[in-house]
Q: 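First the structure, then my questions, so here it is.
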Amino acid sequence: MDEGEHTPGSDGDTTPSDSDESDGDESDGDESDDSADSAGSPSPSPSPSSSPDRTEQSAPNRTKPHSDVRDGSSSEFALDDDDADVNSVPSNDADGPSGAGSETSGIGNGGRDRSSPDVDFDGVVLDNDDDDNQGLFDDLLSGEPIFENKEVLRPSYTPHELPHRNDQINRMATILVSALRGETPSNILIYGKTGTGKTASAKFVSQELESTSQKYDVPCEVEYINCEVTDTQYRVLAQLANTFIEENQGVIADRLARLEDLRADAEDVTTDATHDATDAMRDAAAALADTEFDSVNELDDRIETLEADAEEMEEVPMTGWPTDRVYSTFFEAVDYHERVVVIMLDEIDKLVEKSGDDTLYNLSRMNSELDNSRISIMGISNDLKFTDFLDPRVKSSLGEEEIVFPPYDANQLRDILQHRADIAFKRDALTDDVIPLCAAFAAQEHGDARRALDLLRTAGELAERSQAEIVAEKHVRQAQDKIELDRVVEVVRTLPTQSKIVLFAVILLEKNGVHNINTGEVFNIYKRLCEEIDADVLTQRRVTDLISELDMLGIVNAVVVSKGRYGRTKEMGLSVPVEETEAVLLSDSRLGDIENAQPFVQARFDN
Ligand SMILES: Nc1ncnc2c1ncn2[C@@H]1O[C@H](COP(=O)(O)OP(=O)(O)OP(=O)(O)O)[C@@H](O)[C@H]1O
């Protein structure tokens, strides 16, 4: 690679040894190499052999190193070679647009630094090839990679096997098999805490259902909607309507193509000059004999109808239509032809929370009105209580079948991790205690497989970053701290401003050595801070509520203590690291000014 790197202006065909020789010497052909060695110094022209078309050859290589790096695959040697090519591109680029770069870039050509590969010819700042490369990535790439395929540990990866979920998967399959018989499957409600494999299992079953339906040529589909993103009735119906419209357009296009062919066949027969009119009609009828059409006219009518249908199907815009219009468009689209549709509503509780149960009410009543198709709902939720907010009719219809996904225990998590680790890591890249420890940590967190996988991935990344050869227990512990801190940072960062001020008050008290902080103390500092940054001051009662919310989020730990005849108060302490939390709070532009207020607040403690 090094050799290749020293060929900024040289021909792509230049062999590494060419540039090697030129290093440090003044041989004519490779003078450009000198420029690579001394950044900024005026350098001789690039080799005349740099031609614009080479630019085109080299350019596609630019993307290659990235994919290699991401894969963490062992192809970094290939990458290095490519790198050399890539590095040769910029100077060629400079020549390229001018079309005669090599001639115009000579020293005597009036151009100050035109010959230097790091010069910007047309307003484009060029890489100075390897002069700027200080080996930042080389060091990182040089170690043996720990990962074989890191993607396998990411949430986006859908595993082919789901250990310890056989019961749930079989239950779902038993219910959904009726779709393959053309019947309406019962609605299903899937419950379970986060990371218990609900989505992964439901998607796995859906894929099986769809592929089996193709195998037996039964019209059956699953539509997935993530209600955290698509969280209003309008959006859910619009997304479904547009999916079905697109599909229907495809179906219509296929049918039209088939009918046009038929039409052409029939026409060939009827336009035969030797036929009289009666013969032609008879022959046309014969051409259509095995079809559903008795005459060419009938065929024409059908073609016309289909074309009109295709024209009428108007996509639903993402806003702006009245909801009934969206609903009827969806209704017509889904009923356009015979099929059974399973609508999978992931995070269904978010939909109900945001926009009530109208969508579910409408969807669950549709079957009685549909002529050709049938729909069934599969709701997924990690909030076990969300059905309390549903209309009783919706509740009973939606919960025809309920499947619970219990949390994984440490042994189950170990199996899950082992399956993934076998694909994700290089052989012997993990010490024996890594997987059990990740499993144990995640089991403490309500048996969350996502958390377990995150821990394993982060531990691997930390090991890789510290250039360790294998992932060890300490990396898992570091990963646990990192993930915890990231979570805190994220929670704190997204708090509303008022909660941030309350939290800041708690931090100030704690930093000043106040223990068992009570609500009154927090309120006093809070008021002061609000005045400093010109924010509205809430009542003490509201501030107490905000403290309870911070308690629920695990940011402070508050207990109610009785003060005898002085009533009750909350005493609290911080449950998160002070420094990091404070830094996150101060990064909020609104609270940034508080920093200046600190000495003032401090003075209050001194009194
Ligand atoms: N039994 C399992 N085998 C392999 N991987 C699993 C298993 N269960 C869960 N996972 C993995 O754990 C991660 C989280 O799973 P999933 O998204 O299905 O959880 P969920 O219960 O739907 O969580 P949430 O309610 O937060 O959406 C995914 O990466 C998934 O592949």
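Whatever order the structure lists ligands and atoms in, that order sets their numbers, starting from 1.
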Q: Once ring-ring contact (aromatic ring centres under 6.0 Å, His included) is applied, what residue pairs with a partner in residues 157-208 remain, sequence neighbours excluded?
A: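 Pairs touching residues 157-208 that pass the test: none.
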Q: Can you name the nearest heavy-atom pair linking Asp448 to Gly195, along with the distance?
A: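 Shortest heavy-atom contact: OD1-CA, 3.2 Å.
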Q: Using the six-membered ring of Tyr224, assess whether NZ or CZ of Lys203 lies under 6.0 Å from its centre and within 45 degrees of the ring axis.
A: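 Flagged: Lys203 positioned over aromatic ring of Tyr224.
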Q: Are Glu445 and Arg487 close enough for a salt bridge, meaning some N to O gap below 4.0 Å?
A: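 Salt bridge between Glu445 and Arg487, a charged N being under 4.0 Å from a carboxylate O: no.
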Q: Do ligand 1 and Arg165 have nitrogen or oxygen atoms that lie under 3.5 Å from each other?
A: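 There is no such contact.
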Q: In terms of residue, atom name and distance, what is the protein heavy atom nearest to atom 8 (N) of ligand 1?
A: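 Protein heavy atom with the smallest distance to atom 8 (N) of ligand 1: Tyr408 OH, 2.6 Å.
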Q: Quick one: look up the protein heavy atom nearest atom 25 (O) of ligand 1 and list residue, atom name and how far away it is.
A: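 Looking only at protein heavy atoms, the one closest to atom 25 (O) of ligand 1 is Lys198 NZ, 2.7 Å.
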Q: Can you check whether Met172 reaches Ser201 side chain to side chain, under 4.5 Å on heavy atoms?
A: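 Yes; the side chains approach each other to less than 4.5 Å.
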Q: Suppose I only count heavy atoms of Pro155 and a 4.0 Å limit; which atoms of ligand 1 are within that range?
A: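 With Pro155 as reference, the close atoms of ligand 1 come out as 29 (O).
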Q: Does a salt bridge link Glu469 with Lys426, judged by any charged N lying under 4.0 Å from a carboxylate O?
A: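 Here Glu469 does not pair with Lys426 in a salt bridge, since their nearest N and O are not under 4.0 Å apart.
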Q: Please list, one pair per line, the donor and acceptor atoms closer than 3.5 Å that link side chains of residues 391-404 to other protein atoms, with sequence neighbours excluded.
A:
| unit_1 | atom_1 | unit_2 | atom_2 | d |
| --- | --- | --- | --- | --- |
| Asp391 | OD1 | Arg393 | N | 2.8 |
| Asp391 | OD1 | Arg393 | NE | 3.4 |
| Asp391 | OD2 | Arg393 | NH2 | 3.2 |
| Arg393 | NH1 | Tyr361 | OH | 3.3 |
| Ser396 | OG | Arg393 | O | 3.3 |
| Glu400 | OE1 | Asn187 | N | 2.6 |
| Glu401 | OE1 | Arg171 | NH2 | 3.0 |

Q: For atom 23 (O) of ligand 1, grab the closest protein heavy atom and report residue, atom and distance to one decimal in Å.
A: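 Among all protein heavy atoms, the one nearest atom 23 (O) of ligand 1 is Gly195 N, 2.9 Å.
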Q: Under 4.0 Å from a heavy atom of Ala200: which atoms of ligand 1 are those, numbered in the order shown and with their elements?
A: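 That gives atoms 18 (O) of ligand 1.
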Q: Which ligand 1 atoms does Pro159 reach within 4.0 Å, using its non-hydrogen atoms?
A: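 Those of ligand 1 that fall under 4.0 Å from Pro159 are 5 (N), 31 (O).
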Q: Once you restrict to heavy atoms under 4.0 Å, what part of Asn382 touches ligand 1? Side chain, backbone, both or neither.
A: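 Asn382 to ligand 1: side-chain contact only, backbone stays beyond 4.0 Å.
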Q: Where is the nearest protein heavy atom to atom 26 (O) of ligand 1: which residue, which atom, and how far?
A: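 Protein heavy atom at minimum distance: Thr194 OG1, 2.5 Å.
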Q: Under 3.5 Å between some N or O of ligand 1 and some N or O of Ile416?
A: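 Not met; the criterion fails.
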Q: Does ligand 1 have a heavy atom under 4.0 Å from the side chain of Glu347, from its backbone, from both, or from neither?
A: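 Under 4.0 Å from ligand 1, Glu347 contributes side-chain atoms alone.
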Q: Among all protein heavy atoms, pick out the one at the shortest distance from atom 19 (O) of ligand 1; state its residue, atom name and that distance to 0.1 Å.
A: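 Scanning the protein heavy atoms, the shortest distance from atom 19 (O) of ligand 1 goes to Gly197 N, 3.3 Å.
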Q: Under 4.0 Å from ligand 1, counting heavy atoms only, is it the side chain of Leu453, its backbone, both or neither?
A: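 The answer is the side chain of Leu453.
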Q: Given that the side chain starts at C-beta and the backbone is N, CA, C, O, which of these parts of Thr199 lies under 4.0 Å from ligand 1, counting heavy atoms, or is it both or neither?
A: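 Both backbone and side chain.
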Q: Taking the six-membered ring for Trp, are Phe147 and Phe425 closer than 6.0 Å centroid to centroid?
A: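 Yes, close enough.
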Q: Could you check which of Gly192, Ala449, Ala452, Ser381 puts a non-hydrogen atom nearest to atom 10 (N) of ligand 1?
A: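 The nearest heavy atom belongs to Ala449.
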Q: Between Gly192 and Lys198, which heavy-atom pair has the shortest distance, and what is it?
A: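 Closest approach of Gly192 to Lys198: O-NZ, 2.9 Å.
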Q: Could you say whether the N/O atoms of Asp346 and ligand 1 ever approach to under 3.5 Å?
A: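 No; every N/O pair is 3.5 Å or more apart.
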Q: At what distance is the nearest protein heavy atom to atom 3 (N) of ligand 1, and which residue and atom is it?
A: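 Nearest protein contact, heavy atoms only, for atom 3 (N) of ligand 1 is Pro163 CD, 3.1 Å.
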Q: Counting non-hydrogen protein atoms only, what is the nearest one to atom 27 (O) of ligand 1? Give residue, atom name and distance.
A: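 Answer, as residue, atom name and distance: Arg450 NH2, 3.5 Å.
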Q: Which heavy atom of Ile470 sits nearest a heavy atom of Asp428, and at what distance?
A: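 Smallest heavy-atom distance, with atoms named: CG2-O, 3.3 Å.
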Q: Step by step, would you call Glu314 with Arg325 a salt bridge (charged side-chain N to carboxylate O under 4.0 Å, His left out)?
A: CA-CA 11 Å; Glu314 194 185 347; Arg325 183 171 171 202; 3.3 Å; yes
Q: Among Val488, Val492, Thr494, whose side-chain contact (heavy atoms from CB on, under 4.5 Å) with Glu490 holds?
A: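 Checked Val488, Val492, Thr494 against Glu490; only one passes side-chain contact (heavy atoms from CB on, under 4.5 Å): Thr494.
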Q: Among all protein heavy atoms, pick out the one at the shortest distance from atom 5 (N) of ligand 1; state its residue, atom name and that distance to 0.1 Å.
A: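 Nearest protein contact, heavy atoms only, for atom 5 (N) of ligand 1 is Arg420 NH2, 3.1 Å.
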